[in-house]
Amino acid sequence: MNPKYRRLKGTRDLLLEEVERWHWCEERWSEVLARYGYGEIRTPIIESTDLFLRSVGAGTDIVDKEMYTFDTKGGESLTLRPEMTASVVRAYLENGLTRQPGTMKFWYLGPMFRHDRPQAGRYRQFHQVGVEAIGSASPVLDAEVIQTAMALLEAVDADGAQVHVNSIGCPECRPAYLEDLREYLQANLAAIPEGMRERIDVNPLRLFDAKDEGVQALLASFKPITDALCDACREHYSVVTGTLQDLAVPFVEDSALVRGLDYYGRTTFEITARSGRKQSSLAGGGRYDRLVEQCGGPATPAVGFSIGVERVLLHLDDEPVDPQRSRQSPVDVYVACVDDEAARYGLAAADRLRGLCRVEVDTTGRSLKAQAKSANLRRARLLLVAGAEEMAAGTIQLKTLDTGQQEPVPCKALLAQVREELRG
RNA sequence: GUGGCUGUAGCUCAGUCGGCAGAGCCCCUGGUUGUGGUCCAGGUGGUCGUGGGUUCGAAUCCCAUCAGCCACCCCA
């Protein structure tokens, strides 16, 4: 087929069995998040473009080339959210939560949009489950947040995940380090591919992300940022790692770990899948103590992360599914009807059962052979058959599909009979 | 934005040297008056991604284009 309309590049249709898989994950995640003290938040998927420009930051790939941005008729610039933190901070302020006591802990799950080139585990509309904990500067919270991320992965059996942590300092200590780093890079310009040289001025830390071997080697022989932290940041970082040890959360320190977003400071972390190549980055997060203030609120420390749902699903061992059955939703009782009049009768019978179980009434008027075949495909345990004889007698045929036994049942006794059959 | 691979039936895929468009599964009908899963027989279903070119003749060769997948960049 050559359909007239196709889905947009980088988007997906999830049907039946795959949606079931998502539900399975979502149920586990909401349970875990509640246990860690988080409440759910849902915000619009469109926001003012300015929100992302100022929070995520110009000079990041997200803002520079990946946002779905459009103008309204009124000339306002809107953007489909590329990430969630900015929206949560916006909602936190807009809903007047700054004077709530304690730490506000939100979790979310929803679609994000980035205009990337799609590939395995990467889509233009993708989904993130994540948290934002607003109101505490404690490094102990950083550790708890990292543990929460790991708990979410474990809840859906995503084994073998590896935590990487780092500290990228604060406005007190980072500028000096960046200056030293720039100087070093300028002195070794030859080792840096042309396309990456821009980053030296804009954000030299991002060169740590480069996979280019020359650049890697160059940076490996430069002092790690963790050696350049101020006393406060050093102490913060040390409590984060110490608390992770208390919690028996395994981690590796990775001074090359830099998040691509502007608002992070101090703790940054990433969780990668150890198995396979593919898209190994499952989750990313960190502390953002200045963002709330930057968005017009009072100075309020915060920390959070997000997990890529499609990434996680990609790394789960998914059992192969029957391609035919995965296109038919399961049902307990299938009602075959010889014609429309019988369907009307069958629907009345189904009505008695729907408080008990899943019932499908076949209204297609196909042969009973075809209808019974569908019952099998839908994994029904019971088949009801309605036709002229049954209507005249006030009964309906009830067939148990795994034994093949069949008998007419008075409609009044149907519910009790079906309940009995399904129990067995 | 850059590169590689792939586009044939609803699905998974064959298609030789350029010579009538194929298989399996699914679906439909019959074998079984109104009954599934197994079996048998028959049947429906195709702009061969799209557009051009070469040729007596193109699914096959050439060019362009679109789409999908994968990788890079970057990220989740």
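Chain identifiers are assigned alphabetically (A, B, ...) following the order of the sequence lines, protein sequences preceding nucleic acid strands; residue numbering begins at 1 within each chain.
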- Let me know, please, whether V338(A) or A283(A) comes out on the 5' side of the other along RNA chain B by nearest nucleotide.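 Whichever sits nearer the 5' end wins; that is V338(A).
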- Message: Using the side chain to side chain contact (heavy atoms under 4.5 Å, CB included) criterion, which residues pair with R54(A)? Sequence neighbours excluded.
- Response: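 Listed in chain order: D50(A).
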- Go through the structure and list residues passing side chain to side chain contact (heavy atoms under 4.5 Å, CB included) with P408(A), not counting sequence neighbours.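 Applying side chain to side chain contact (heavy atoms under 4.5 Å, CB included) to P408(A) gives T395(A), Q397(A).
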- Quick tally for nucleotides 37-42 of chain B: nucleotides whose base has a protein heavy atom under 4.0 Å get B, sugar-phosphate-only ones S, the rest -, giving B-----
- Message: Which residue is it: T241(A), T243(A), T267(A)? I am looking for the one with a side-chain hydrogen bond (donor to acceptor under 3.5 Å, both in side chains) to D142(A).
- Response: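 Running side-chain hydrogen bond (donor to acceptor under 3.5 Å, both in side chains) over T241(A), T243(A), T267(A) with D142(A) returns exactly one hit, T267(A).
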- Message: With a 4.5 Å cut-off on side-chain heavy atoms, are L141(A) and R287(A) touching?
- Response: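 Counting from C-beta outward, R287(A) and L141(A) do come under 4.5 Å.
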Side chain of [X] only, please: which of [options] is the nearest?
| X | options | result |
| --- | --- | --- |
| K399(A) | rC72(B), rG34(B), rG36(B) | rG36(B) |
| Q397(A) | rC70(B), rG34(B), rA67(B) | rG34(B) |
| R114(A) | rG34(B), rC75(B), rA67(B) | rC75(B) |
| L377(A) | rG3(B), rC73(B), rC27(B) | rC27(B) |
| S281(A) | rC75(B), rU35(B), rG3(B) | rC75(B) |

- Message: Going by ring pair (Phe, Tyr, Trp, His ring centres under 6.0 Å), name the pairs with one or both residues in residues 127-149 of chain A, residues two or more places apart or in two chains.
- Response: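 Of all non-adjacent pairs touching residues 127-149 of chain A, those that pass ring pair (Phe, Tyr, Trp, His ring centres under 6.0 Å) are W22(A)-H127(A).
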- Which pairs with one or both residues in residues 28-51 of chain A pass ring pair (Phe, Tyr, Trp, His ring centres under 6.0 Å), sequence neighbours excluded?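 Sorted result for residues 28-51 of chain A: empty, none.
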- For RNA chain B, write out the stems as range with range, using runs of 3 or more consecutive Watson-Crick or G-U pairs with both distances under 3.5 Å.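 When the pairs of RNA chain B are grouped into runs of at least three, the stems are B:1-7 with B:66-72, B:10-13 with B:22-25, B:27-31 with B:39-43, B:49-53 with B:61-65.
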